[in-house]
Amino acid sequence: MGKKGYVGCFFFTIYGFFILKFGSSEAKMVPALYVFGDSLVDVGNNNYLTLSIAKANHRHYGIDFPTHKPTGRFSNGKNAADFLAEKLGLATSPPYLSLTSTVNNASFMDGVSFASAGAGIFDGSDLRYRQSIPLRKQVDYYSIVQEEMTREIGAAAIQKHLSKSIFVVVIGSNDLFGYFESSDLRKKTTPHQYVDSMLLSLKLQLQRLYDDGARKFEIAGVGTLGCCPEFRLKNKTECVVEVNYWSVKYNEGLQSMLMEWQSENKGIIYSYFDTYAAINDLIQTPASYGFSEVKGACCGLGELNARAPCLPLSNLCPNRQDHIFFDQFHPTEAASLIFVNRLFDGPSGYASPINMRQLVAA
């Protein structure tokens, strides 16, 4: 490569860093983005958890990120949280623990991510990962942030700020994974009872966010969990029907709960994203979206690259654009971008009762 090529690469690397650090070239559409959830939207909180083994802080994670380095995102590049921020004209909301673990002048007013890999609606969903920040604790941290911002600018100003900000909640997958991988849990409770309990617990945490000023919510359902490479590996490379069935049932219950919750509280506006439908589209008609591999992971070992997690010594596919899944559970950057485009501008088959663009304008 000649000097001109190197200059071009350098420019795009710097440009990509600028976009990620300082926000996209889009006009700022909302004051801030507050993110709650699991590894689908974690941008580095788990890097600050000493005991956690759910960390994406090693190669091959981040190989296609603007810096080409691992960042704590379970992706080859950016994840949904990054793309959501870009859509809104914002910088990616920084990990909460990065703002509290060091002397940092960043303001909570610009948005914060509380998301944590391995987290669930229930506190014990992360047992196999040893340590994460469950949803209840994420909301605890948000309450601390809300109090700090209130001290900073006053109650009236912060309520106006929060009422226009977007609160993203992407959670539930680890709870369902935990249920179907635990013979003990399955003996104690039926899938129906478990899903109902998930929804009740989630509603309590959403209410806490509302009580602390949140008004606009973007809430994602769970995906086709039975089609993750990890589950396909256990079922002769096919999707596990039972897991997908209860993923759908949870999503149906979530939509009903959200309608009920909205009717009980003044001023709630929400958009529900059907992650299941979005992923299922890619699996059913991959070629129309530019994918050729729907079953296996890009990074891993053994059959379907799913017998081991993505580790420094794992196999890595040469073209991440071909794959829906980067590792045993998580989408590639290419798939995440498609999901966010659907979430933001999608028709009612993906986003209901309104999409995110309408949520912003409401």
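Keep in mind that this is a model prediction, so the values were computed, not measured.
Across Ile133 and Ser116, no two heavy atoms sit closer than the pair N-OG, 2.9 Å. For the pair Pro331 and Ser336, the tightest heavy-atom approach, listed with the atom from each and the gap, is CG-OG, 3.5 Å.
Asp211 and Gln207 form a side-chain donor-acceptor contact under 3.5 Å, judged by distance and modelled atom types alone. Side chains of Asn76 and Thr332: a donor-acceptor N/O pair is absent below 3.5 angstrom, by distance only. The closest side-chain donor-acceptor pair between Asn319 and Asp322 falls under 3.5 angstrom. Neither side chain, Ser75 nor Glu333, offers a donor N or O lying under 3.5 Å from an acceptor on the other.
Between Asp64 and Arg320 there is a salt bridge, with a side-chain nitrogen of the basic residue lying less than 4.0 Å from a carboxylate oxygen of the acidic one. A salt bridge links Glu264 with Lys203: the distance from a Lys NZ or Arg NE/NH1/NH2 to an Asp or Glu carboxylate oxygen falls below 4.0 Å. Using a 4.0 Å cut-off between charged nitrogen and carboxylate oxygen, Arg73 and Asp82 count as a salt-bridge pair. Ion pair Arg208/Asp212 not flagged as a salt bridge, since none of the NZ, NE, NH1 or NH2 atoms sits closer than 4.0 Å to an Asp/Glu carboxylate oxygen. Salt-bridge formation is not detected for the pair Asp274/Arg342: no Lys NZ or Arg NE/NH1/NH2 atom is positioned less than 4.0 Å from an Asp or Glu carboxylate oxygen. Looking at Glu181 and Lys234, a side-chain N of the basic residue comes within less than 4.0 Å of a carboxylate O on the acidic one, giving a salt bridge. Ion pairing between Glu242 and Arg186 holds under the 4.0 Å rule for side-chain N and carboxylate O.
Under the 30°/60° scheme for interplanar angles, the aromatic rings of Phe177 and Phe231 are found to lie parallel. The aromatic rings of Phe114 and Phe36 sit parallel, their planes meeting at an angle under 30°, below the 60° perpendicular limit.
Rounding to the nearest 0.5 Å places OG of Ser132 at 11.0 Å from CD1 of Ile53. Here the OH atom belonging to Tyr270 is positioned 11.0 Å from the CG atom belonging to Leu206, to the nearest 0.5 angstrom. Remark: Asp42 CG to Ser113 OG distance equals 6.0 Å, nearest 0.5 Å.
Annotation: side-chain hydrogen bond (donor to acceptor under 3.5 Å, both in side chains) contacts of Lys266 (sequence neighbours excluded): none. Taking Glu152 as the reference, nothing meets the salt bridge (Lys or Arg N to Asp or Glu O under 4.0 Å) condition, with sequence neighbours excluded.
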Please step through side chain to side chain donor-acceptor pair (under 3.5 Å) for the pair His330 and Ser39, ending with a clear verdict.
-> CA-CA 8 Å; His330 304 100; Ser39 52; 2.6 Å; yes
Evaluate the criterion side-chain contact (heavy atoms from CB on, under 4.5 Å) for residue pair His68 and Ile63; output intermediate values, then yes/no.
-> CA-CA 5 Å; His68 304 293; Ile63 188 170; 5.7 Å; no
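In this structure a side-chain-to-backbone donor-acceptor pair under 3.5 Å is missing from Ser197 to Gln193.
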Return a table of donor-acceptor pairs under 3.5 angstrom between the side chains of residues 352-362 and protein atoms on other chains or two or more places apart.
| residue | atom | partner | partner atom | Å |
| --- | --- | --- | --- | --- |
| Asn355 | OD1 | Arg357 | N | 3.2 |
| Asn355 | OD1 | Gln358 | N | 2.9 |
| Asn355 | ND2 | Gly346 | O | 3.3 |
| Arg357 | NE | Asp345 | OD1 | 2.5 |
| Arg357 | NH2 | Asp345 | OD1 | 3.4 |
| Arg357 | NH2 | Asp345 | OD2 | 3.3 |
| Gln358 | OE1 | Asn355 | N | 2.8 |

